[in-house]
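Quantities reported herein were computed from a predicted structural model and do not represent experimental measurements.
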Amino acid sequence: KEQIDQRITNQRLEHLLADYKKEKGITDNDRIIEENEQDPRNGRLVVKSMGKIHLLDFSEIEWVEAYDYYIKIHVCNKYYLVRESMKNMEKRLPEGVFERIHKSSIVNTNLIKSLKPKQNGDYLVTLKNGKELRLSRNYNGCLEELLNP
């Protein structure tokens, strides 16, 4: 009975995949984007979080923060928890739009509202949503690019 149920489930999944390919105009020779990679055709990031695969528009990602052995990808007023390193995520995000500003933060530069210098050489980065992040002096090279586009 379990084998029959599994076969029926597999057939349903194959039909769903075939319908999806047909709807999107994907041929059998095309490769479908796998979880946790970048979809350059659509300007989206593909991540697996909480057992689901999510397609996140780069323009909606506000910032990414390190969270123990995970990262939090902040989108609007929610976040996606993904098991990945900051180094790998930095490579997957488009250069020039996303910049590493701290060992534990990557920010969407299009959403920066202001920069405020602090006494220790660091800066306080304020996003358009009001969130404040620290720009450490180790990443001041990115500050030059932000101030001189």
Side-chain angles (χ1 to χ4, degrees), residues 9-10 12-149:
T9 301
N10 288 342
R12 287 181 181 159
L13 288 173
E14 287 174 8
H15 288 294
L16 284 172
L17 182 59
D19 290 344
Y20 174 80
K21 284 181 175 181
K22 187 176 181 180
E23 178 183 316
K24 297 294 181 181
I26 299 172
T27 66
D28 288 336
N29 295 333
D30 292 337
R31 187 177 72 81
I32 294 178
I33 299 285
E34 295 181 20
E35 65 185 58
N36 293 337
E37 74 176 80
Q38 182 176 332
D39 183 357
R41 296 173 296 173
N42 297 322
R44 297 189 293 188
L45 183 69
V46 182
V47 295
K48 183 175 183 179
S49 178
M50 303 296 284
K52 295 180 182 177
I53 296 176
H54 303 275
L55 303 169
L56 308 176
D57 290 335
F58 290 130
S59 61
E60 294 178 350
I61 299 172
E62 296 170 344
W63 85 96
V64 178
E65 72 174 311
Y67 189 76
D68 203 14
Y69 292 103
Y70 293 82
I71 58 168
K72 283 184 178 180
I73 302 171
H74 294 268
V75 178
C76 299
N77 290 324
K78 60 182 174 179
Y79 65 85
Y80 298 90
L81 195 61
V82 180
R83 180 141 172 107
E84 189 164 351
S85 70
M86 288 292 283
K87 188 175 184 177
N88 285 343
M89 182 54 63
E90 188 176 14
K91 290 177 186 175
R92 293 179 52 210
L93 294 168
E95 290 182 34
V97 176
F98 290 89
E99 291 290 339
R100 185 101 178 240
I101 61 169
H102 190 272
K103 67 180 180 179
S104 61
S105 301
I106 300 171
V107 68
N108 183 339
T109 59
N110 294 327
L111 300 178
I112 293 177
K113 181 179 179 182
S114 66
L115 297 167
K116 179 179 173 184
K118 294 177 78 175
Q119 291 178 349
N120 62 356
D122 290 354
Y123 282 79
L124 198 60
V125 176
T126 305
L127 299 179
K128 291 179 181 177
N129 67 1
K131 176 67 178 169
E132 293 181 335
L133 303 170
R134 194 173 134 217
L135 169 66
S136 72
R137 62 192 134 172
N138 293 338
Y139 293 93
N140 270 350
C142 114
L143 175 67
E144 306 253 334
E145 293 176 26
L146 293 176
L147 297 176
N148 302 314

Would you mind reporting whether H102 and S136 have side-chain heavy atoms less than 4.5 Å apart?
yes
Is there a side-chain contact between M89 and L45, using heavy atoms and a 4.5 Å cut-off?
yes
Atom CG of N10 with >12 non-hydrogen neighbours under 6.0 angstrom:
yes
Under 30°, 30 to 60°, or over 60°: which ring-plane class applies to W63 and H74, parallel, tilted or perpendicular?
parallel
In sequence, state the C-alpha distance, the side-chain angles, and the governing distance for R92 and E84, and then conclude on side-chain contact (heavy atoms from CB on, under 4.5 Å).
CA-CA 11 Å; R92 293 179 52 210; E84 189 164 351; 2.7 Å; yes
So how far is it from S104 OG to D68 CG, rounded to the nearest 0.5 Å?
12.5 Å
Rounded to the nearest 0.5 Å, the CD atom of E90 sits from the CD atom of E95 at a distance of 8.5 Å
For Y80, which of M50, K52, K72, H54 qualifies under side-chain contact (heavy atoms from CB on, under 4.5 Å)?
H54
Taking every heavy atom of V47 against every heavy atom of L56, the minimum-distance pair comes out as CG2-CD1, 3.8 Å
Working to the nearest 0.5 Å, report the span between OG of S105 and CG of L135.
9.5 Å
Below 3.5 Å, can you tabulate the donor-acceptor pairs from side chains in residues 125-133 to any protein atom, sequence neighbours excluded?
{"residue": "K128", "atom": "NZ", "partner": "N110", "partner atom": "O", "Å": "3.3"}
{"residue": "N129", "atom": "OD1", "partner": "K131", "partner atom": "N", "Å": "2.9"}
{"residue": "N129", "atom": "ND2", "partner": "E62", "partner atom": "OE1", "Å": "3.0"}

Ignoring hydrogens and geometry, is there a side-chain-to-backbone donor-acceptor pair from T109 to V97 under 3.5 Å?
yes
Under 3.5 Å: donor-acceptor pair, side chain of D122, backbone of R137
yes
Rounded distance [0.5 Å steps], OH in Y70 versus OG in S49:
10.0 Å
Under a 4.5 Å cut-off applied to non-hydrogen side-chain atoms, are I106 and E99 in contact?
no
Approximate separation, where rounding is to 0.5 Å, of E14 CD and R12 CZ
13.0 Å
Could you measure the distance from the CG atom of L93 to the CE atom of M86? Nearest 0.5 Å is fine.
9.0 Å
Which heavy-atom pair separates Y139 from R100 by the least distance, and what is that distance?
CE2-CG, 3.4 Å
May I ask you to test the F98-V64 pair for a side-chain heavy-atom distance under 4.5 Å?
no
Using the rule given for side-chain contact (heavy atoms from CB on, under 4.5 Å), can you reason through I73 versus V82, listing the C-alpha separation, both sets of side-chain angles and the distance that settles it, and then say yes or no?
CA-CA 8 Å; I73 302 171; V82 180; 3.9 Å; yes
For E60, salt bridge (charged side-chain N to carboxylate O under 4.0 Å, His left out) partners two or more places apart:
none
